[in-house]
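Report on the following structure.
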Protein chains: 2
Amino acid sequence: MTVDSRQSKKEVTRLKNELRILDAAEKLFSQAGYDGASMSMIAKEASVPKANVLYYFKSKDNLYEAVIDRIVSTWNLGLDNITPAHDPAEVLYNYIRAKVKLAIKQPMQSKLFASEIIRGAPYLKDYLRVKARPWLRDKVCVFEAWMQQGKMDTVDPNHLLFTIWSATQYYADFEAEVLLVMNKIEYEDADFDAITQSVASIILKGVGLTIPDSIKSGQS
Amino acid sequence: MTVDSRQSKKEVTRLKNELRILDAAEKLFSQAGYDGASMSMIAKEASVPKANVLYYFKSKDNLYEAVIDRIVSTWNLGLDNITPAHDPAEVLYNYIRAKVKLAIKQPMQSKLFASEIIRGAPYLKDYLRVKARPWLRDKVCVFEAWMQQGKMDTVDPNHLLFTIWSATQYYADFEAEVLLVMNKIEYEDADFDAITQSVASIILKGVGLTIPDSIKSGQS
DNA sequence: TCCAAATTTGACCTTTTGGTCAATGATGGT
DNA sequence: ACCATCATTGACCAAAAGGTCAAATTTGGA
């Protein structure tokens, strides 16, 4: 076994193949759901024999879990280091902006996540209990501090967060509906701005805040 | 063939069986998605031989379409006869309340609808183009009239409706997440009130409205 | 009562599914 | 150069999928 820090040729190809397969799986799982995407479809999409997919990821369950793990591990959306000292308007605006951007630019992840939750979250139960719940509890505390300081209206912070999540993810998960109903083929840059503006405007004003002047583009 | 207005025994049993099958299919499709629910599972759930299911609904596609049609045909949620003369606060509040109630009491329909849209709406494309789009256009006009009358803030009516849909349906589609994160087993009546209040508060205030005093319970 | 139509259902068919396996080829340390 | 280990892949398998069919049963009008 190579203990070298430099990756051996084997390791490189393995990682490259795993990546191809994971990408293909993410795409197909998000389009067709767990049962709708077959191993042969995924293999074809990844341009790899089916048996090779099973070689790297021992089962379909395993592959699906790997896809979900990868998605969840990349979710870090700027609400992480907030404190009662921050400005809620700026924090929430940037958060909404970042989430809308993610929804429009990478809708697959949101769709896969949504499918999983609709199915009863069999693979995300642990994540939700162990990670999401404490994370949310932490944010709730900060929000409550802001409210007590009079920086924003008093609303249930849980439902405020749910509203932000829903309003932003909607443009990813219900992409097909939004585009059809608005008679568009795909989102444009102008839509990103319009959505961010509309959603942020409603929600921020809804909790007694105003959109900050400094419209510096949010990270991510 | 019976031309009688009273239903013959045959018709009664046929309708009864169709209902049993449709109910079973709705339940399983909403839980597991189109591909996740098999015809044998549906037959078992309906306590009917599989061949009988295929006798009434000639194919799985056909059955799925029938389930979707039934859901869509029952969607009539109080935003139907609004005019610029109505009070936006009251209309929107009742609409949000009705949608939250539906989300909590009958989450299956919302979940099935969501799954279908995530999959790219293969069966709902027509409905969205022919029904939903004109419906939305009509509401947009009313909203714009309200805005011009100064009854409410100026926001893009499309995104306002999307925000309402997302925030309310979220409690059905993401039921598993909401309950897990809030450490609950199922929704209670108190939750219905709290959700209605929070969502309505944020969205109404977000467009310059206040929740009407007359908290007469919305229909449906 | 009789018969044509509608209903019921087990047996059966083809295709696809997730998954296994063994043979072969490539890799890299010694 | 050698060889143990890892990687690749076509062939194969049992189970489950959606769907068909024909024989048996029930129904309701004449």
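In what follows, chains are A, B, ... by sequence order, proteins preceding strands, each numbered from 1. Predicted, not measured: the structure shown is a model, and the values here were computed from it.
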Exercise for review: Considering just the side-chain nitrogens and oxygens of B:Ser59, establish if one lies under 4.0 Å of OP1 or OP2 belonging to D:dG18.
Suggested key: no
Exercise for review: Give the nucleotide from the list D:dT8, C:dT20, C:dG10 with an atom nearest to the side chain of A:Asn17.
Suggested key: D:dT8
Point to revise | Side-chain (A:Glu45) to main-chain (A:Leu28) donor-acceptor, under 3.5 angstrom | key: no
Practice item. Go through C:dG10, D:dT9, D:dA7 for me and flag the one nearest to the A:Arg14 side chain. Key: D:dA7
Review point. Can you find an N or O donor on one side and an acceptor on the other, under 3.5 Å apart, linking the side chain of A:Lys50 with the base of C:dG19?
Key: yes
Point to revise | A:Arg70/A:Asp23 ion pair, N-O < 4.0 Å | key: yes
Check your understanding: Do any side-chain nitrogens or oxygens of A:Ser40 fall under 4.0 Å of OP1 or OP2 in C:dT17?
Key -> yes
Review point. Among B:Trp165, B:Phe113, B:Trp135, which one satisfies ring-ring contact (aromatic ring centres under 6.0 Å, His included) with B:Trp75?
Key: B:Phe113
Practice item. Considering just the side-chain nitrogens and oxygens of A:Tyr56, establish if one lies under 4.0 Å of OP1 or OP2 belonging to D:dT8. Key: yes
**Study point:** Residue of the set A:Tyr123, A:Tyr64, A:Tyr127, A:Tyr34 for which side-chain hydrogen bond (donor to acceptor under 3.5 Å, both in side chains) holds with A:Glu116
**Key:** A:Tyr64
Review point. Side-chain N or O of A:Tyr55 less than 4.0 angstrom from OP1 or OP2 on D:dA7?
Key: yes
Point to revise | Below 4.0 Å: OP1/OP2 of C:dG18 and any side-chain N or O of A:Asn62 | key: no
Point to revise | From D:dG18, D:dT9, C:dT8, nucleotide with atom closest to B:Asn52 side chain | key: C:dT8
Practice item. Provide, to the nearest angstrom, the distance between the CG atom belonging to B:Leu28 and the P atom belonging to D:dG18. Key: 11 Å
Review point. Reckon A:Ser38 has a side-chain N or O less than 4.0 Å from the OP1 or OP2 of C:dT16?
Key: no
